[in-house]
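Working notes, beginning with the structure itself.
Basis for what follows: all heavy atoms, side chains included, without hydrogens, waters or symmetry-related copies. Numbering of ligands and ligand atoms starts at 1, following listing order.
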Amino acid sequence: MLDWTQLEQACQNCRRCGLFETRHNVVFGVGPKDADIMFVGEGPGQQEDLQGEPFVGPAGKLLDDMLSIIDMGRESCYIANIVKCRPPQNRDPLEIEQDACMDYLRNQFLLVKPKILVCLGRIAAMRLIRSDFRITREHGQWVEKRGVWMTAIYHPSALLRDISKRPDTFCDLLAIREKAREVNARY
Ligand code: URA
């Protein structure tokens, strides 16, 4: 396992998959290194690629609004993505790209040691919870894996496209607040 400095360096220099060719920046992740709550999205979009930070584009603005519903600020949780480089045209990251990047996320997760992990959207849920995870049916459900409570909510981009999903997400966010209280997760 790498320490934070080694890990960030390895990511910055990474050429494990083809995405390095088109990236402007590696989007490593942000937040307190000892956060109790970690969010994992899919991969950087255009703004994230340009700025080197996760969720700073339109989906990020909505994520901030979503977090504020439960009085959570992005400064109190750790935010990362399944892949750290932008897939061209914002396509879904390929299996081979996710595979290449997973060691980094696993290492990051082991360093942060969150009590709660929230997958943002289908791609993260299928990778981190179960490969056949169905976001429409299973969002908001909780599983405990090796002492970590995990759930998935709709990706903010999906909520921008389809506002009819927002009431469900409101309930899922309240459940995250409830779980945080239950397991004493600070934010
Ligand atoms: N969508 C994601 O999944 N991650 C980001 O960082 C931005 C948009």
Side-chain angles (χ1 to χ4, degrees), residues 7-8 11-12 14 16-20 22-33 35 37-69 72-109 112 114 116-131 133-136 138-140 150-163 165-166 168-169 172-173 176:
L7 181 61
E8 182 136 20
C11 291
Q12 293 300 339
C14 183
R16 283 191 188 177
C17 80
L19 295 181
F20 87 88
T22 45
R23 74 179 175 221
H24 292 95
N25 285 291
V26 172
V27 178
F28 180 71
V30 281
K33 293 179 162 64
I37 305 186
M38 181 166 174
F39 289 86
V40 179
E42 180 178 320
Q46 184 182 35
Q47 281 308 311
E48 291 77 18
D49 174 58
L50 292 174
Q51 297 181 44
E53 213 180 289
F55 288 99
V56 288
K61 289 215 170 13
L62 182 57
L63 179 62
D64 287 341
D65 291 347
M66 289 159 64
L67 298 183
S68 74
I69 290 172
M72 192 184 285
R74 70 157 62 212
E75 69 289 340
S76 65
C77 44
Y78 197 86
I79 307 177
N81 280 304
I82 295 289
V83 296
K84 295 185 173 2
C85 298
R86 183 191 183 200
Q89 278 83 50
N90 297 346
R91 63 159 168 74
D92 288 352
L94 305 175
E95 195 91 359
I96 196 172
E97 294 160 351
Q98 297 183 31
D99 289 347
C101 219
M102 270 312 283
D103 278 351
Y104 298 136
L105 184 65
R106 204 169 292 119
N107 200 143
Q108 231 162 351
F109 171 81
V112 175
I116 292 175
L117 190 144
V118 180
C119 300
L120 296 170
R122 177 181 66 89
I123 299 277
M126 289 174 72
R127 193 73 212 202
L128 302 178
I129 300 180
R130 253 190 19 258
S131 58
F133 194 91
R134 299 290 306 272
I135 192 80
T136 35
E138 297 178 84
H139 67 83
M150 302 179 63
T151 191
I153 63 176
Y154 284 117
H155 193 288
S157 301
L159 300 172
L160 285 173
R161 284 192 302 268
D162 179 1
I163 60 167
K165 292 185 162 74
R166 293 189 184 191
D168 277 354
T169 303
D172 295 346
L173 288 164
I176 292 170

Out of P156, G41, G43, the nearest non-hydrogen contact to atom 5 (C) of ligand 1 is supplied by G43
Taking the six-membered ring where the residue is Trp, are the ring centres of H139 and F133 under 6.0 Å apart?
->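 Judged by ring-centre distance (under 6.0 Å), H139 and F133 do not meet the cut-off.
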_If we set the cut-off at 4.0 Å for heavy atoms, which region of E48 has an atom near ligand 1: side chain, backbone, both, or neither?_
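Only the side chain of E48 comes within reach of ligand 1.
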Donor-acceptor contact below 3.5 Å, side chain E97 vs main chain P93
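Absent.
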Keeping the roles fixed (side chain from N25, backbone from L50), state whether a donor-acceptor pair exists under 3.5 Å.
yes
protein heavy-atom neighbour closest to atom 4 (N) of ligand 1 works out as N81 OD1, 2.8 Å
Number the atoms of ligand 1 from 1 as they appear, then name those within less than 4.0 Å of a heavy atom of E42, with their elements.
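Under 4.0 Å from E42, ligand 1 has these atoms: 2 (C), 3 (O).
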**OP:** Using a strict cut-off of 4.0 Å, indicate which atoms of ligand 1 neighbour a heavy atom of H155.
**Re:**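 Within the 4.0 Å cut-off of H155, ligand 1 contributes 1 (N), 2 (C), 3 (O).
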*If you measure every N/O of P54 against every N/O of ligand 1, is any gap under 3.5 Å?*
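Min N/O separation from ligand 1 is not below 3.5 Å for P54.
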ask   = Do K61 and Q47 have side-chain N/O donor and acceptor atoms under 3.5 Å apart?
value =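 Looking only at side-chain atoms, Q47 and K61 do not form any donor-acceptor pair under 3.5 Å.
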When rounded to the nearest 0.5 Å, the distance separating CG of L62 from OG of S157 is 8.5 Å
